[in-house]
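Notes follow once the structure below has been shown.
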Amino acid sequence: ERSKSIILDKERQVERLRKENIEMSRNLGKSKGYFEHHLNMAQQQHQKKMDSFHVQLQSALQQQRSFSAENHHLRRDNQAKQQTIAGLRTRLEEMEEEMNQMRMNHAMEMGCLDGEDEED
């Protein structure tokens, strides 16, 4: 009788533990699903941020290339203008030299004429 009672007690314990095990497995499954869901959501958010960053990076690189090309164009334009200015300065110096030469010639002619007048 006593051993039957012990056996029944042990069987009830085993059944209770089996039920607890089943309940824990269900809860663990729910928890696993919950955490997998949140991990998946976090990974998606991270991927969206990375995609957005990639788009911004590509845009910045394109803008940098555009600025670089514009800068190159402006440098060439500036160099051409500097060459034009240098050419104009040279021409201006030549014209000033011609003017000075003409003044000197004119002064010499006037001087010669004055000198001729004095001789008359």
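Numbering of residues begins at 1 and proceeds along the displayed sequence.
The CD1 atom of Ile85 sits 8.0 Å away from atom CG of Asn78, with the distance rounded to the nearest 0.5 Å. Note that the CG atom of Leu88 and the CE atom of Met95 stand 10.5 Å from one another [nearest 0.5 Å]. Separation of atoms CG (Asn71) and CD (Gln64) is listed at 10.0 Å; rounding is to 0.5 Å. Atom CE of Met108 and atom CG of Asn105 lie 6.5 Å apart (nearest 0.5 Å). Going from atom CZ of Arg91 over to atom CD of Glu98 covers 5.0 Å, rounded to the nearest 0.5 Å. Here CZ of Arg103 is found 9.0 Å from CD of Glu96. Values are rounded to the nearest 0.5 Å.
No donor-acceptor contact under 3.5 angstrom links the side chains of Asp9 and Gln13, judged on distance only. Under the 3.5 Å distance criterion, with hydrogens and angles disregarded, no donor-acceptor pair is assigned to the side chains of Gln79 and Arg76.
Screening Gln47, His54, Lys48, Lys49 for a side-chain hydrogen bond (donor to acceptor under 3.5 Å, both in side chains) with Asp51, the sole residue that qualifies is Gln47.
Salt bridge status for Glu15 with Arg18: present, with a side-chain N to carboxylate O gap under 4.0 Å.
Looking at Thr84, its side chain does come within 3.5 Å of a backbone N or O of Ala80 through a donor-acceptor pair. A side-chain donor-acceptor contact under 3.5 Å links Ser25 to the backbone of Asn21. When atom types are taken as modelled, the side chain of Thr90 and the backbone of Ala86 share a donor-acceptor pair closer than 3.5 angstrom.
Counted within 6.0 Å of CZ on Arg89, heavy atoms from surrounding residues, nucleotides or ligands total 12 or fewer; the atom is thus considered open. A 6.0 Å sphere centred on CZ of Arg75 holds no more than 12 heavy atoms belonging to other residues, nucleotides or ligands.
Considering only residues two or more places apart in sequence or on other chains, Glu70 meets the side-chain contact (heavy atoms from CB on, under 4.5 Å) condition with Phe67, Leu74.
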Run the side-chain donor-acceptor check on residues 30-40: report pairs under 3.5 Å with partners two or more places apart or on a different chain.
unit_1: Ser31; atom_1: OG; unit_2: Asn27; atom_2: O; d: 3.1

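Met50 and Met41 are assigned to two separate hydrophobic clusters, defined by single-linkage of ILVMFWY side chains at heavy-atom distances under 4.5 Å.
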Do Glu23 and Lys19 pass the salt bridge (Lys or Arg N to Asp or Glu O under 4.0 Å) test, and can you show the C-alpha distance, the side-chain angles, and the key distance before you say yes or no? CA-CA 6 Å; Glu23 185 62 26; Lys19 286 180 181 177; over 6 Å; no
